[in-house]
Amino acid sequence: MGTRLLEVTVNGRTRCDAVDDATLLVDYLRRSVGLTGTKQGCDGGECGACTVLVDGAPRLACITLAASMAGRSIETIESLAAAGRMSPLQRAFHEHLGAQCGYCTPGMIMSAEALLRRDRAPTEDAIRAALAGNLCRCTGYVKIVESVQAASRALAEGER
Amino acid sequence: MSSSIGAASAEASPPRTVGHPTPLVDGVDKVTGRARYTADLPHADALVGMILRSTVAHGTIVGIDVSAARALPGVRAVVTGDDFAAPYGVIPIAQNEWPLARERVRYRGEPIAAVAADDRASAEAALAAIVADIAPLSPVFTAQDALAEGAPLLHRDKAGNVEREVAQDFGDVDAGFAAADLVRERRFHYAEVAHGQIERNAAVASFDPERGELTSRSTTQVPYYLHLAIARCLGLDRAQIRITKPFVGGGFGHRVEPLNFEIVAAALARAAGATVRVEQSREDSFLTHRGRPETDIRLRLGLRAGGEITAVDCEVIQRGGAYAGYGVVTILYAGALLHALYRVGAVRYRGLRVYTNTPPSGAMRGHGAVDVRHAFEALLDEMGGELGLDPFALRRANLIEPPWRTANDLQVNSCALAACLDRVEEASGWRERRGKLPRGRGLGLACSHYVSGAAKPVQWSGEPHAVVNLKLDFDGSITLLTGAADIGQGSSTLLTQVAAETLCLPIERIRVVAADSALTPKDNGSYSSRVSFMVGNAALRAAEALRDTLVEAAARTLGVAATEVVWQGERCLVRGTDRELDFASVVAAALAGTGTLTVKGVWTTPSEMQGGRFRGAAVGSTAGFSYSAQVVEVAVDEETGAVSVEHVWVAHDCGFAINPLAATGQVQGAVWMGMGQALQEETQYHEGLALRPNFLDYRIPTIAESPPIDVTLVDSLDPLGPFGAKEASEGSLHGFAPALTSAIADATGIRLMALPATPDRVLDAIVRRRREARLESMRANRAAAAAGERTNP
Ligand code: FES
Ligand code: FES
């Protein structure tokens with residue numbers, strides 16, 4: 001097992017860190033970078049809690065090698081709030097109770113973020129399809145769908 | 001409950017805070033990723049703690065050799081069962097589990113040793129170097145095998161592997177059946193299910209050998225129980241321990257009992273004189289389990305032609321797993337809540353909690369009562385069909401009217417089940433649609449209820465059931481100190497609302513500090529839906545006490561009697577004048593001469609709410625029952641057996657919704673969790689080896705297959721609840737499964753007696769029915785032919 005220098009952009013900042021070949025992206029983000037907003041809910045690829053965006057596309061950080069991220073741009077939940085203000089999705093999840101315990105929330109919001117960037121006015125079916133890899137044990141998903149719809153409306157009304 | 005000042009403040013405007021949808025006070029932290037859960041806590045110097053598990057389901061521990069592990073580089077501590085002072089268990093009378101097994105192992109995956117090392121690789125190497133010599137004993141994996149004559153015993157003091165046998169009789173059951181117009185008996189089977197909270201288990205424990213102090217932060221629902229367990233198992237004075245709860249990612253009962261990994265983390269920290277982080281895998285939390293037990297039920301009901309329930313005769317067998325845990329309470333809940341929902345003539349209940357070589361079962365949302373609710377409602381539905389009664393009419397024939405004492409001596413002070421039935425009947429379009437849906441579609445109804453907190457906590461100390469402190473300081477901010485653990489249900493928000501409403505202040509003035517044993521008053525924890533009711537009541541009383549103090553200070557300053565002060569929070573007035581004082585001046589006046597104010601509010605459940613006099617009577621007793629009715633619409637594919645839930649309408653009597661947003665979310669989550677159990681979730685073992693210890697094989701529903709769930713919150717203004725509030729979640733879980741199977745019966749004519757309703761079970765039932773129908777028609781044809789031969793030779 002080797003170690004290499006990884007040059008990568010995390011939430012808009014370029015950094016260079018030594019990583020082991022076997023280091024997973026979720027551990028790199030949480031332990032090396034110190035961004036603990038990205039969660040881990042399973043032992044690999046089962047729950048979606050670790051979803052981050054890699055070059056704008058959702059990706060499971062728990063089954064991604066950090067070393068494979070050279071030159072890529074990673075966005076985590078911490079990147080969404082601008083100057084401390086919640087993004088439309090974050091605000092919607094807060095106000096519509098899309099988050100109860102909040103543990104699935106970072107992954108859920110990042111999956112929804114990828115969707116809304118692709119399609120600002122998704123149908124309910126499209127929302128359900130985009131979030132089908134994100135498990136939540138608290139909400140029954142009803143208010144998660146409502147939260148994404150509310151964020152979509154906020155975008156349409158030109159918030160931010 | 002109301003003070004002398006109450007009359008004055010009653011002139012204030014209608015509720016401004018309670019009753020309004022309120023986003024969670026800690027919601028911003030959750031959606032921004034700032035919230036720190038246990039595994040997120042920064043501890044650069046923490047050692048890595050890891051646990052070695054038994055690969056044998058039942059065996060005698062001949063020896064555990066840790067010398068090689070101890071000698072490895074980077075290894076700071078190794079502990080085994082011998083390092084603990086006492087066994088633990090959530091119920092004081094049934095503590096038979098060691099944090100690491102001693103003498104015997106009783107399930108595959110039971111922890112047997114643990115290490116703390118500089119890094120993960122060293123810890124893994126140390127685990128691999130431990131030599132466990134375990135002589136296998138013959139195991140028992142099912143309740144039937146465990147109960148069989150001559151079965152190997154798991155615990156020497158428990159003959160026949162029976163942890164607890166319950167026998168309860170209320171009224172004349174035989175006379176009840178004799179008076180019935182229809183008697184039916186059915187057998188039901190329910191798979192074992194798991195909580196599946198998305199956050200994995202973790203604990204961070206630190207020990208300071210200089211001061212002899214242990215601190216623990218952990219994924220717990222009940223920091224108090226963990227506090228007691230660590231003190232007991234490590235032989236520490238309770239005053240040497242501090243427990244704090246970070247953000248917790250759900251519980252659903254998994255984290256009510258103290259769990260082995262938390263106690264082990266503490267033991268490792270002490271052994272290493274350091275901070276130790278134990279992070280458990282998803283697989284580990286399935287092995288630790290504590291979920292709903294596999295359950296077999298035999299149920300006989302007697303009904304009159306009009307639907308009145310004359311007699312109930314029920315036998316429940318729960319496969320409890322290897323240790324006691326909550327077992328005694330679970331088997332008692334099954335009996336207590338089996339029939340207390342309705343007016344029933346007479347009841348015979350027999351319960352058996354059985355030890356097996358599988359991971360211990362425990363409390364799971366709807367503790368003990370979910371499977372019996374299915375059996376009861378399902379059999380009611382079937383018998384109602386035979387009697388030609390509409391499911392709504394059948395329920396209405398058996399409604400209780402508060403104040404009411406149930407057959408098993410539980411007190412009911414408020415019940416709006418009738419209104420719940422009306423709401424879902426209308427919302428679902430039952431009258432227009434039932435019986436007129438296309439083939440394969442069906443509607444089903446079920447009712448349910450649940451406690452708002454157990455009236456007798458298992459740790460009975462004579463203290464009040466809940467205590468809340470409020471601190472008011474020079475800055476005009478109020479800190480609400482509570483031991484209640486917010487695990488996502490929104491308890492901190494609700495307590496803030498209760499205090500703000502009572503003080504007529506905006507919620508922004510109130511900050512919650514929760515669940516830190518060094519700061520906050522002890523709390524019995526987040527289980528049995530107790531927090532809104534009990535801690536809410538304590539918060540209400542604390543806020544009243546603070547308001548009284550503030551009103552008196554205002555009265556002194558204004559030179560009037562306290563009864564002349566109209567309290568409006570941010571300002572107060574002298575009645576009938578325009579003389580007023582703003583909040584800052586009142587605070588200054590109240591603090592002058594005494595300094596920072598701390599007031600206390602307590603809640604004690606009245607003794608008449610604490611159940612009857614028979615053995616086990618305390619279980620099921622509560623100060624307030626919630627009620628729920630729900631209608632489920634299904635579509636069944638008769639070619640594949642696939643069942644899809646199209647829509648759920650649920651009405652929940654939560655007394656009064658202090659936070660309608662959270663209450664609606666809780667009810668939706670509970671109904672949906674009931675759906676997971678009813679449709680697809682089940683653990684599975686092969687020779688005691690967990691076969692589904694992950695979220696691919698243990699199938700929690702995804703958003704793609706989850707239905708719309710329409711919630712109506714129904715008020716009943718409970719006389720004891722804070723602002724009339726009661727439980728607003730667990731009660732609606734129970735109704736899903738029976739509403740589902742009744743809907744499947746409506747759609748296909750098939751009555752499922754075993755859950756979950758997986759496609760294979762449903763298809764089996766469909767095929768079996770087709771075969772029976774074919775045989776039936778062949779027999780009929782043959783009989784007709786034979787009859788024909790006889791008449792036309
Ligand atoms: S943590 Fe990555 S999918 Fe579960
Ligand atoms: S909010 Fe708790 S898991 Fe989704």
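Below, chain A is the first sequence line, B the second, and so on; all start at residue 1.
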Looking only at atom types and distance, does a side-chain atom of [X] sit under 3.5 Å from a main-chain N or O of [Y], one as donor and one as acceptor?
{"X": "B:His647", "Y": "B:Val632", "answer": "no"}
{"X": "B:Thr493", "Y": "B:Val25", "answer": "yes"}
{"X": "B:Tyr698", "Y": "B:Ala194", "answer": "yes"}
{"X": "A:Ser152", "Y": "A:Val148", "answer": "no"}

**Report entry** Polar side chain donor-acceptor pair, A:Thr76 to A:Glu78, under 3.5 angstrom
**Finding:**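 Yes, a side-chain donor-acceptor pair sits under 3.5 Å.
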Query - B:Ser644 and B:Glu646 side chains, donor-acceptor separation under 3.5 Å - result: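 Short answer, yes.
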With a 4.5 angstrom heavy-atom cut-off, is it the side chain or the backbone of [X] that approaches chain B, or both, or neither?
{"X": "A:Thr105", "value": "side chain"}
{"X": "A:Gln40", "value": "both"}
{"X": "A:Ile144", "value": "side chain"}
{"X": "A:Ile109", "value": "side chain"}
{"X": "A:Ala129", "value": "neither"}

Looking only at heavy atoms and a cut-off of under 4.5 Å, which of [options] has the most pairs with chain B?
{"options": "A:Arg30, A:Lys143, A:His94", "result": "A:His94"}
{"options": "A:Gly34, A:Cys42, A:Ala132, A:Ala99", "result": "A:Cys42"}
{"options": "A:Gly37, A:Gly102, A:Cys104, A:Gly48", "result": "A:Gly102"}
{"options": "A:Arg137, A:Glu46, A:Lys39, A:Arg128", "result": "A:Arg137"}
{"options": "A:Gly98, A:Pro106, A:Gly45, A:Cys138", "result": "A:Cys138"}

Query raised in the report: Can you tell if the side chain of B:His43 reaches within under 4.5 Å of the side chain of B:Asp45, non-hydrogen atoms only?
Result: yes
Report task. Show your working on side-chain contact (heavy atoms from CB on, under 4.5 Å) between B:Val248 and B:Thr220 and close with a plain yes or no. Result -> CA-CA 7 Å; B:Val248 168; B:Thr220 179; 5.8 Å; no
Could you tell me whether [X] and [Y] make a salt bridge, using a distance below 4.0 angstrom between a side-chain N and a carboxylate O?
{"X": "B:Glu681", "Y": "B:Arg292", "result": "no"}
{"X": "B:Arg200", "Y": "B:Asp284", "result": "no"}
{"X": "B:Glu199", "Y": "B:Arg255", "result": "yes"}
{"X": "A:Arg31", "Y": "B:Glu279", "result": "yes"}
{"X": "A:Asp43", "Y": "B:Arg282", "result": "no"}
{"X": "A:Arg117", "Y": "A:Glu113", "result": "yes"}

Flag the one option from [options] with the top tally of heavy-atom pairs under 4.5 Å to chain A.
{"options": "B:Asp486, B:Val711, B:Ile700, B:Asp26", "answer": "B:Ile700"}
{"options": "B:Pro701, B:Ser729, B:Ala670, B:Pro708", "answer": "B:Pro701"}
{"options": "B:Met673, B:Gln668, B:Met675", "answer": "B:Gln668"}

Check whether [X] gets within reach of chain A through its side chain, its backbone, both or neither, counting any heavy atom under 4.5 Å.
{"X": "B:Glu705", "value": "neither"}
{"X": "B:Thr664", "value": "both"}
{"X": "B:Val28", "value": "both"}
{"X": "B:Ile487", "value": "backbone"}
{"X": "B:Phe286", "value": "neither"}

Requested in this report: Determine which residues belonging to residues 34-42 of chain B lie within contact range of chain A, meaning some heavy atom pair is under 4.5 Å apart, and list them by number or answer 'none'.
Outcome: B:Ala35, B:Arg36, B:Tyr37, B:Ala39, B:Asp40
Query - Identified side chain to side chain contact (heavy atoms under 4.5 Å, CB included) counterpart of A:Cys47 within the set A:Leu60, A:Asn134, A:Leu135 - result: A:Leu135
